[in-house]
Amino acid sequence: MGLSVAGKIINAHIAEGRPEKGSEVGIRIDQTLTQDATGTMAYLQFESMGIDRVRTELSVSYVDHNTVQIGFENSDDHIYLRTVASKYGIIFSRPGNGICHQVHLERFGIPGKTLLGSDSHTPTGGGLAMLAIGAGGLDVAIAMAGGLFYLTYPVITRINLTGSLRPWLSAKDIILKVLEIFDTKGNVGTIFEYGGPGLERLSVPERATIANMGAECGVTTSVFPSDSQTRRFLAAQGRDKDWVPLTADADAVYDKEVTIDLGGLEPLASVPHNPGNVKRVADIEGIPVDQVCIGSCTNSSYKDLMTVAHILKGRVAAPGVSFVVAPGSKQVLENVLEKGGLANLISAGARIAEAACGFCIGNSQSPGSKAVSLRTSNRNFLGRSGTRDADVYLVSPETAAAAVLTGRITEPSRLGEMGISYPDVEMPDKLKIDDGMFIFPGSAGEESRVIRGPNIAGIPAGSPLPDILECTVAIKVGDKVTTDHIIPAGARMKYRSNVPRYSEFLFEVVDPGFYRRALEIKEKGRFSAIVAGISYGQGSSREHAALCPMYVGVKAVISKSIERIHRDNLVNFGILPLSFVDEKDYERINRDDMLEIKDFRVPLMKGSSIKVRNLSSGEEIETECRLSTRQKEILLAGGALAFMRGKRE
Ligand code: MIC
Ligand code: SF4
């Protein structure tokens with residue numbers, strides 16, 4: 001039986017377990033990446049492991065999230081990251097060099113390699129035929145220390161692309177179609193593998209856009225083959241030697257297959273407040289637009305920016321539109337500059353932001369009250385833009401450019417009526433490349449001393465699960481509560497290296513009273529529990545969504561279903577992730593109820609149901625804990641660091 005691309009990469013990296021669907025395998029990690037907002041914690045954890053040098057083929061530390069630097073905190077983090085990278089043999093990508101996923105694709109991604117990143121959009125590397133997976137910082141720290149990364153051997157879905165896109169449509173419309181088909185829930189443990197004749201004309205940055213937003217479907221990752229497009233991309237990067245062919249066997253078997261005819265697609269948009277709310281642009285035309293933001297790791301490549309630059313050439317943004325452009329990398333910016341695109345954008349009124357996450361994470365360019373913002377990014381969760389009552393729509397660069405000119409949501413093909421022809425931008429065969437913003441291990445700018453400013457607090461210690469777990473329900477939330485809801489990013493993100501301070505903002509947009517309540521429960525010497533609906537913990541990989549709850553005394557999360565990265569983070573920080581056996585039981589627990597979970601060790605290890613007694617109502621509720629044996633052992637030890645320490649002793 002033939003193998004898929006994903007199957008080939010996984011099988012070549014398995015060091016523990018068997019390649020059987022649904023069973024846990026441990027794979028070797030070739031490359032890691034971190035970004036500053038998750039990186040500080042990852043490196044603090046790495047340092048606590050007592051290893052003298054990273055054990056991967058390549059590890060890169062990017063600074064791209066917290067670059068606004070209001071106050072000393074962000075800069076403290078950057079200095080710590082630069083010095084810790086230098087000490088342990090990690091490449092440091094300085095602030096200004098670009099967004100981790102875009103830069104990694106350009107300079108380091110290699111077909112067939114595994115990449116683990118402390119950011120949920122790490123699968124962007126799948127556009128380059130990598131097995132690129134997002135994880136919590138602690139899992140990345142373990143990989144840097146030479147440890148394996150564990151995943152459930154996936155269900156592999158082939159997405160067969162046929163035909164070719166019509167003018168005014170692009171990769172974003174393809175992934176929005178995929179989101180419409182698969183939604184944001186129910187895809188845990190799946191890999192999307194793209195194939196078919198439609199791939200021929202899709203360049204690597206376009207593939208990367210598609211792989212990037214697979215994260216919104218909740219899949220483990222998305223993978224493309226390595227073919228002539230991949231070779232061309234690497235050649236333009238001056239990295240011909242990194243190309244290897246990698247395609248699925250002709251008789252590869254997939255668990256599921258879906259075909260999308262690219263020729264039949266229409267421009268699409270995710271409407272507020274979830275990427276899964278996909279509508280045809282034609283159906284929402286005419287809505288007045290206050291802001292248009294082009295950039296983020298989804299659509300900030302040379303091709304994206306040049307397309308917009310050509311469309312806008314000689315024209316100015318509509319008077320009511322604030323128009324922001326954030327290039328994905330310094331390389332993108334320099335090449336767009338060289339080809340004259342930057343001049344077009346500036347003349348059109350673009351507010352050129354730095355090559356960083358910026359608006360996408362809500363740390364700048366928050367829209368006005370009740371404003372409509374069209375963005376080429378990947379997430380439009382409530383409040384993520386920094387403005388709670390703003391409506392954020394996710395669209396392609398073409399649809400975004402159309403709104404810049406008309407001031408309304410507009411089908412981009414209508415630009416033809418304005419005398420604008422579709423600029424079919426090709427990726428150049430040769431790019432201007434300058435690696436001057438990396439600090440490579442062993443180079444002159446190296447430091448041997450790790451500098452920790454006052455923003456770098458320690459890692460809070462967890463505690464083993466007690467025999468009888470008594471907890472108070474400190475919060476009950478509904479469906480699809482994302483990690484952005486659990487612990488906000490934006491302006492709050494500067495406290496990422498200071499867990500006690502950051503914890504004050506837990507559930508800020510959902511229930512600002514949570515932090516006080518949880519602390520009061522903790523002061524009484526008790527634990528807290530969180531009760532949630534479906535797909536709890538969607539979105540970002542931030543382990544703070546587990547670490548901060550742990551800090552305020554949360555010991556259990558009981559949900560209808562939970563997303564992969566967040567579940568793994570809860571385990572890493574010793575929080576019991578339980579799911580209702582019968583989803584209707586969600587109604588039988590309320591906030592402030594006292595719960596008792598006792599005698600759970602045996603059923604936990606055996607995989608049988610775990611009884612939760614609601615002491616407030618006297619009812620008993622059946623739950624289960626769907627984890628591997630390894631994860632259960634980690635939980636019982638009080639988290640991954642304690643587990644590793646225990647193994648060493
Ligand atoms: C995001 O897009 O939500 C982030 C910010 O990049 C996160 C990481 C973080 O919270 O630091 C992610 O996607 O994992
Ligand atoms: Fe940065 Fe946004 Fe991409 Fe997250 S999704 S890595 S915040 S650009």
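All ligand and atom numbering here is 1-based and tracks the order in the structure. Numbers here are sequence positions counted from 1.
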Within a distance under 4.0 Å of any heavy atom of [X], pick out the atoms of ligand 1 and give their elements.
X	value
Ile361	5 (C)
Ala37	11 (O)
Asp119	4 (C), 6 (O), 7 (C), 8 (C), 12 (C), 13 (O), 14 (O)
Arg379	1 (C), 2 (O), 3 (O), 12 (C), 13 (O)
Ser541	12 (C), 14 (O)
His65	4 (C), 5 (C), 6 (O)

Give a yes-or-no answer on whether the side chains of [X] and [Y] include a donor-acceptor pair shorter than 3.5 Å.
X	Y	value
Glu216	Thr184	no
Gln291	Ser322	no
Asp30	His13	yes
Ser497	Tyr80	no
Asn212	Thr298	yes
Ser296	Ser377	no
Thr122	Asp119	no

Legend entry - Interfacing atoms of ligand 2 (cut-off 4.0 Å, heavy-atom, His65):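 Answer for ligand 2: 1 (Fe), 4 (Fe), 6 (S), 7 (S).
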Inset, instruction - Could you tell me which atoms of ligand 2, counted from 1 in the order shown, lie closer than 4.0 angstrom to a heavy atom of Arg384? - result: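 In order of numbering, the contacting atoms are 2 (Fe), 5 (S), 7 (S).
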Among protein heavy atoms, which sits nearest to [atom], and what does the distance come to when rounded to 0.1 Å?
atom	result
atom 11 (O) of ligand 1	Arg496 NH1, 2.7 Å
atom 13 (O) of ligand 1	Ser120 OG, 2.6 Å
atom 10 (O) of ligand 1	Arg542 NE, 2.6 Å
atom 8 (C) of ligand 1	Gln35 NE2, 3.2 Å

Inset, instruction - Taking 2.8 Å as the upper limit, name the protein N, O or S atoms near atom 3 (Fe) of ligand 2. - result: Cys297 SG
Inset, instruction - Measure centre to centre between the rings of Tyr502 and Tyr551, then say whether the value is under 6.0 Å. - result: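 No - the distance between ring centres of Tyr502 and Tyr551 does not fall below the 6.0 Å cut-off.
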Mutual orientation of the aromatic rings belonging to [X] and [Y] [parallel < 30°, tilted 30-60°, perpendicular > 60°]:
X	Y	result
Tyr62	Phe438	perpendicular
His566	Tyr536	perpendicular
Phe108	His104	tilted

Inset, instruction - Report the part of Arg384 in contact with ligand 1, treating N, CA, C, O as backbone and CB onward as side chain, heavy atoms under 4.0 Å; options are side chain, backbone, both, neither. - result: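 For Arg384, only side-chain atoms sit under 4.0 Å from ligand 1.
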Legend entry - N-O pairing of Asp77 and Lys494 below 4.0 Å: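 Salt bridge flag = no for Lys494 with Asp77.
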Inset, instruction - May I ask you to decide whether Glu47 forms a salt bridge with Arg452, counting only side-chain N to carboxylate O separations under 4.0 Å? - result: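 Salt bridge: yes.
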Please indicate whether any nitrogen or oxygen in [X] is less than 3.5 Å from any nitrogen or oxygen in ligand 1.
X	result
Asn378	no
Asp484	no
Thr38	no
Ser118	no

Inset, instruction - Run the contact test for Met493 against ligand 1 with a 4.0 Å cut-off on heavy atoms, strictly below, and give the result. - result: no
Inset, instruction - Check if His544 has a non-hydrogen atom at a distance under 4.0 Å from any atom of ligand 1. - result: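 His544: no contact with ligand 1 (<4.0 Å).
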Inset, instruction - Answer yes or no: is there a side-chain heavy-atom contact under 4.5 Å between Arg207 and Tyr194? - result: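 Sidechains of Tyr194 and Arg207: no contact.
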Inset, instruction - Among Arg379, Arg492, Arg542, find the one that has a salt bridge (charged side-chain N to carboxylate O under 4.0 Å, His left out) with Asp484. - result: Arg542
